[in-house]
Amino acid sequence: MVAVKKTVRIPENHKISIEVPEYVRTDQMGEVILIINDAKSAEDKSTELKQAMNDPLFLDDLNELRKDFEDLDSNGW
């Protein structure tokens with residue numbers, strides 16, 4: 001199996017063409033996978049973290065985790 005990877009920006013017409021290397025036989029089957037990177041900016045992530053610190057459900061989850069590990073933390077390793 002051979003993998004060919006290329007990162008591209010999606011153009012306005014939303015069409016991407018693929019150049020297949022010459023060593024690939026004609027009529028050979030191949031698989032094309034499009035993975036969209038929907039990454040958020042560092043600023044967006046920072047804003048979400050700040051909002052989480054005021055989210056009662058998030059804070060309850062953190063407290064539950066802290067309680068769950070309290071016993072383990074009190075035991076020496």
Side-chain angles (χ1 to χ4, degrees):
M1 180 191 301
V2 175
V4 178
K5 178 182 176 183
K6 183 175 181 183
T7 303
V8 298
R9 286 200 183 279
I10 305 299
E12 285 187 32
N13 66 2
H14 286 73
K15 294 182 182 181
I16 300 170
S17 64
I18 300 170
E19 289 187 32
V20 180
E22 290 292 325
Y23 60 82
V24 178
R25 292 187 328 265
T26 304
D27 276 345
Q28 187 172 349
M29 294 298 292
E31 185 174 346
V32 177
I33 300 172
L34 180 61
I35 300 173
I36 305 299
N37 184 355
D38 218 8
K40 297 177 182 178
S41 70
E43 185 177 319
D44 290 342
K45 290 178 187 177
S46 176
T47 301
E48 287 179 355
L49 284 172
K50 287 176 185 172
Q51 289 172 347
M53 295 311 298
N54 296 318
D55 181 345
L57 292 174
F58 176 73
L59 295 174
D60 286 346
D61 286 345
L62 281 180
N63 280 326
E64 277 188 44
L65 282 170
R66 183 186 52 77
K67 288 176 189 173
D68 289 343
F69 284 93
E70 228 169 42
D71 290 336
L72 288 174
D73 289 340
S74 65
N75 296 334
W77 285 83

Would you mind listing the cluster partners of [X]? Hydrophobic ones only (ILVMFWY), side-chain contacts under 4.5 Å, chaining allowed.
| X | result |
| --- | --- |
| I33 | I35 |
| L57 | none |
| M29 | none |

Less than 3.5 Å apart, which donor and acceptor atoms pair up between the side chains of residues 58-69 and the rest of the protein, not counting sequence neighbours?
unit_1, atom_1, unit_2, atom_2, d
N63, ND2, L59, O, 3.4
R66, NH1, E70, OE2, 2.8

Sequence-distant partners of R25, side-chain hydrogen bond (donor to acceptor under 3.5 Å, both in side chains), two or more places apart | none
Enumerate donor-acceptor pairs with a distance under 3.5 Å from any side-chain N or O in residues 44-51 to protein atoms, sequence neighbours excluded.
unit_1, atom_1, unit_2, atom_2, d
D44, OD2, S41, OG, 3.3
T47, OG1, E43, O, 3.0
E48, OE1, K40, NZ, 3.4
E48, OE2, K40, NZ, 2.7

Distance-only donor-acceptor hits, side chain of residues 3-20, under 3.5 Å, sequence neighbours excluded:
unit_1, atom_1, unit_2, atom_2, d
N13, OD1, K15, N, 3.0
H14, ND1, E12, O, 3.1

